[in-house]
Chemist: 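Take this structure, written in structure tokens, and hold onto it; I'll ask about it next.
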Amino acid sequence: MWSKEELLQKTKEQVKEKRFNHILGVVKTAADLAERFGADPEKAEIAAILHDYCKEWPVERLRNLLIKHEDLLWLRFSPVLWHAPAAAYVAREEFQIGDQEIFDAIYYHTTGRAGMSLLDEVIWLADYVEPGRDFEGVEEARRLTVKSLAEGMRFGLKHSIAYLLKKEEAIYPLTFEAYNHYMLYRKDMS
């Protein structure tokens, strides 16, 4: 079994310094959110370490990995998303991480999905609000996230979809499902 230090070192070898600093921010944020909301901090740290493992791989390498796994729907959408399922497969195959919660948290960290697990939310939000992020609205996203993961998810999904619409980018179907899930949850809570 790989230690967190070994996973960090292997990840560091895959990405540039700026990306690695982002990953360190996600690891810290994920551990903090896990502690605050009752997720497993060990799993949160492992998923956070590996979530961007393939982020800087060439598109062709990512495409080949998705084809190998017959996970072809991704190929119809922006290659920017492909590193998520690729990193999940790498976690399982290269690092023998067989935990389904960790796999899912890595796999869905770019898109979200309806019915996200607590660990899915922790990783998605840690990636969205880690201290190195600097976009309009990030302080509001951070404030909402520490109050409620569901509030953070609603804010993040709404703004992510609005961003993609503005860029006239196709939106992965699971992102819409996640958005609808959290908006319906909000309606149920009022």
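Computed from heavy atoms alone, side chains included, the values below leave out hydrogens, waters and symmetry copies. Please read all numbers here as calculations on a predicted model, not as lab measurements.
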Chemist: To the nearest 0.5 Å, how far apart are CD in E151 and CD in E140?
Modeler: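 Spacing of CD (E151) from CD (E140) equals 9.5 Å.
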Chemist: Is there side-chain contact between I123 and Y108, with at least one heavy-atom pair below 4.5 Å?
Modeler: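 The answer is no, as the side chains (C-beta and beyond) never meet within the 4.5 Å cut-off.
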Chemist: For the atom pair CZ (R154) and OG1 (T145), what is the distance rounded to the nearest 0.5 Å?
Modeler: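 Rounded to the nearest 0.5 Å, the CZ-OG1 separation comes out at 11.0 Å.
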Chemist: List in chain and number order the residues that pass salt bridge (Lys or Arg N to Asp or Glu O under 4.0 Å) with E168, two or more places apart in sequence or in another chain; answer none if no residue qualifies.
Modeler: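 So E168 forms no salt bridge (Lys or Arg N to Asp or Glu O under 4.0 Å) with any residue.
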Chemist: Can you pull the salt bridge (charged side-chain N to carboxylate O under 4.0 Å, His left out) pairs that have at least one residue in residues 118-128, sequence neighbours excluded?
Modeler: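 Every salt bridge (charged side-chain N to carboxylate O under 4.0 Å, His left out) pair that includes a residue of residues 118-128, provided the two are not neighbours, is R113-D120, D127-R133.
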Chemist: State the CZ-CD distance between R19 and E56, to the nearest 0.5 angstrom.
Modeler: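 Interatomic distance, R19 CZ to E56 CD, rounded to 0.5 Å: 5.5 Å.
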Chemist: Testing the basics here: between Y107 and P85, what is the closest heavy-atom pair and its distance to 0.1 Å?
Modeler: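 Closest approach of Y107 to P85, heavy atoms only: CE1-CB, 3.3 Å.
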Chemist: What pairs with E60 under side chain to side chain donor-acceptor pair (under 3.5 Å), at least two apart in sequence or on another chain?
Modeler: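 Partners of E60 under the side chain to side chain donor-acceptor pair (under 3.5 Å) test: R63.
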Chemist: Same cluster for L149 and V26 if Ile/Leu/Val/Met/Phe/Trp/Tyr side chains link at under 4.5 Å?
Modeler: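 Different clusters: L149 never reaches V26 through Ile, Leu, Val, Met, Phe, Trp or Tyr contacts under 4.5 Å.
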Chemist: Quick one: does any side-chain atom of S3 pair with a main-chain N or O of E6 as donor and acceptor, under 3.5 Å?
Modeler: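 It does hold such a pair.
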Chemist: Which pair of non-hydrogen atoms, one from A44 and one from V122, has the smallest distance, and what is that distance?
Modeler: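 That would be CB-CG1, 4.2 Å.
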Chemist: Does any pair with a residue in residues 136-169 pass ring pair (Phe, Tyr, Trp, His ring centres under 6.0 Å), and if so which ones, sequence neighbours excluded?
Modeler: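 Every pair satisfying ring pair (Phe, Tyr, Trp, His ring centres under 6.0 Å) with a residue in residues 136-169: F155-H159.
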Chemist: Are H83 and H109 close enough that some pair of their side-chain heavy atoms sits under 4.5 Å apart?
Modeler: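 They are in side-chain contact.
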Chemist: At their closest point, which heavy atom of L118 faces which heavy atom of F37, and how far apart are they?
Modeler: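 Closest approach of L118 to F37: CD2-O, 3.6 Å.
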Chemist: Please say yes or no: joined through hydrophobic side-chain contacts below 4.5 Å, possibly via intermediate residues, are L125 and M183 part of one cluster?
Modeler: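 Both belong to a single hydrophobic cluster.
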Chemist: Could you list the residues that satisfy salt bridge (Lys or Arg N to Asp or Glu O under 4.0 Å) with K28, not counting sequence neighbours?
Modeler: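 With sequence neighbours excluded, K28 shows a salt bridge (Lys or Arg N to Asp or Glu O under 4.0 Å) to D32, given in chain and number order.
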Chemist: Is the count of non-hydrogen atoms from other residues, nucleotides or ligands lying under 6.0 Å from E13 atom CD greater than 12?
Modeler: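 Atom CD in E13 is packed in, count exceeds 12.
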Chemist: Rounded to the nearest 0.5 Å, what separation is found between the OG1 atom of T11 and the NZ atom of K4?
Modeler: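 The NZ atom of K4 is 13.5 Å from OG1 of T11, to the nearest 0.5 Å.
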Chemist: Is any side-chain heavy atom of I67 less than 4.5 Å from a side-chain heavy atom of L72?
Modeler: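 Yes. Closest side-chain heavy atoms under 4.5 Å.
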Chemist: Taking all non-hydrogen atoms of both residues into account, name the closest pair between P41 and A34 and its distance.
Modeler: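 For P41 versus A34, the nearest heavy atoms are CA-CB, 3.8 Å.
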Chemist: Can you give the donor-acceptor pairs under 3.5 Å from side chains of residues 94-105 to other protein atoms, not counting sequence neighbours?
Modeler:
{"residue": "Q96", "atom": "OE1", "partner": "W2", "partner atom": "NE1", "Å": "3.3"}
{"residue": "Q96", "atom": "NE2", "partner": "E93", "partner atom": "O", "Å": "3.3"}
{"residue": "Q96", "atom": "NE2", "partner": "E94", "partner atom": "O", "Å": "3.1"}
{"residue": "D99", "atom": "OD1", "partner": "E101", "partner atom": "N", "Å": "2.8"}
{"residue": "D99", "atom": "OD1", "partner": "I102", "partner atom": "N", "Å": "3.0"}
{"residue": "D99", "atom": "OD2", "partner": "K43", "partner atom": "NZ", "Å": "3.0"}
{"residue": "Q100", "atom": "OE1", "partner": "R92", "partner atom": "NH2", "Å": "3.4"}
{"residue": "Q100", "atom": "NE2", "partner": "D104", "partner atom": "OD1", "Å": "2.8"}
{"residue": "E101", "atom": "OE1", "partner": "K43", "partner atom": "NZ", "Å": "2.6"}

Chemist: Identify the two heavy atoms, one from A126 and one from T29, that lie closest to each other, and give their separation to 0.1 Å.
Modeler: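 Heavy atoms of A126 and T29 come nearest at CA-CG2, 3.7 Å.
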Chemist: What heavy-atom pair brings T111 and L157 nearest, and what distance separates the two atoms?
Modeler: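 In this case the closest contact between T111 and L157 is O-CD2, 4.2 Å.
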Chemist: With a 4.5 Å cut-off on side-chain heavy-atom distances among I, L, V, M, F, W and Y, is there a chain of contacts connecting V80 to I171?
Modeler: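 Unlinked, V80 and I171 end up in two clusters.
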Chemist: To the nearest 0.5 Å, tell me how far Q14 CD sits from I23 CD1.
Modeler: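 Spacing of CD (Q14) from CD1 (I23) equals 9.5 Å.
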Chemist: Only counting residues at least two apart or in another chain, list the ones meeting side-chain contact (heavy atoms from CB on, under 4.5 Å) with E17.
Modeler: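 Scan of E17 (side-chain contact (heavy atoms from CB on, under 4.5 Å), adjacent residues dropped) gives N21.
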Chemist: Kindly state each residue pair satisfying ring pair (Phe, Tyr, Trp, His ring centres under 6.0 Å) with at least one member in residues 12-32, sequence neighbours excluded.
Modeler: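 Only H22-H51 qualify under ring pair (Phe, Tyr, Trp, His ring centres under 6.0 Å).
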Chemist: Look at the side chain of W74 and the backbone N and O of L81, then say whether any donor-acceptor pair between them is shorter than 3.5 Å.
Modeler: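 No, the answer is negative, given that no donor and acceptor are paired below the 3.5 Å cut-off.
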Chemist: How long is the straight-line distance from CG of L33 back to CG of L119, given to the nearest 0.5 Å?
Modeler: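 Output value for this atom pair is 11.0 Å.
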Chemist: Could you list the residues that satisfy ring pair (Phe, Tyr, Trp, His ring centres under 6.0 Å) with F135, not counting sequence neighbours?
Modeler: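 If we apply the ring pair (Phe, Tyr, Trp, His ring centres under 6.0 Å) test to F135, skipping adjacent residues, the hits are Y128.
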Chemist: In chain order, what residues pass the side-chain contact (heavy atoms from CB on, under 4.5 Å) check against A86, with sequence neighbours excluded?
Modeler: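 Only C54, L62, L65 meet the side-chain contact (heavy atoms from CB on, under 4.5 Å) criterion with A86.
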Chemist: Please name all residues satisfying salt bridge (Lys or Arg N to Asp or Glu O under 4.0 Å) with E139, sequence neighbours left out, ordered by chain then number.
Modeler: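 Per chain and number, E139 pairs via salt bridge (Lys or Arg N to Asp or Glu O under 4.0 Å) with R142.
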Chemist: Check whether Y89 and L73 end up in the same hydrophobic cluster, where Ile, Leu, Val, Met, Phe, Trp and Tyr are linked by side-chain heavy atoms less than 4.5 Å apart.
Modeler: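 Cluster IDs for Y89 and L73 match.
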Chemist: Is I161 close to T175 at the side-chain level, that is, under 4.5 Å between some pair of heavy atoms?
Modeler: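 Yes, close enough: below the 4.5 Å cut-off.
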Chemist: State plainly whether one hydrophobic cluster holds both V59 and V90, where clusters connect Ile, Leu, Val, Met, Phe, Trp and Tyr through side-chain heavy atoms under 4.5 angstrom apart.
Modeler: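 Cluster IDs for V59 and V90 match.
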Chemist: Please name all residues satisfying salt bridge (Lys or Arg N to Asp or Glu O under 4.0 Å) with E35, sequence neighbours left out, ordered by chain then number.
Modeler: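 Listed in chain order: nothing, the list is empty.
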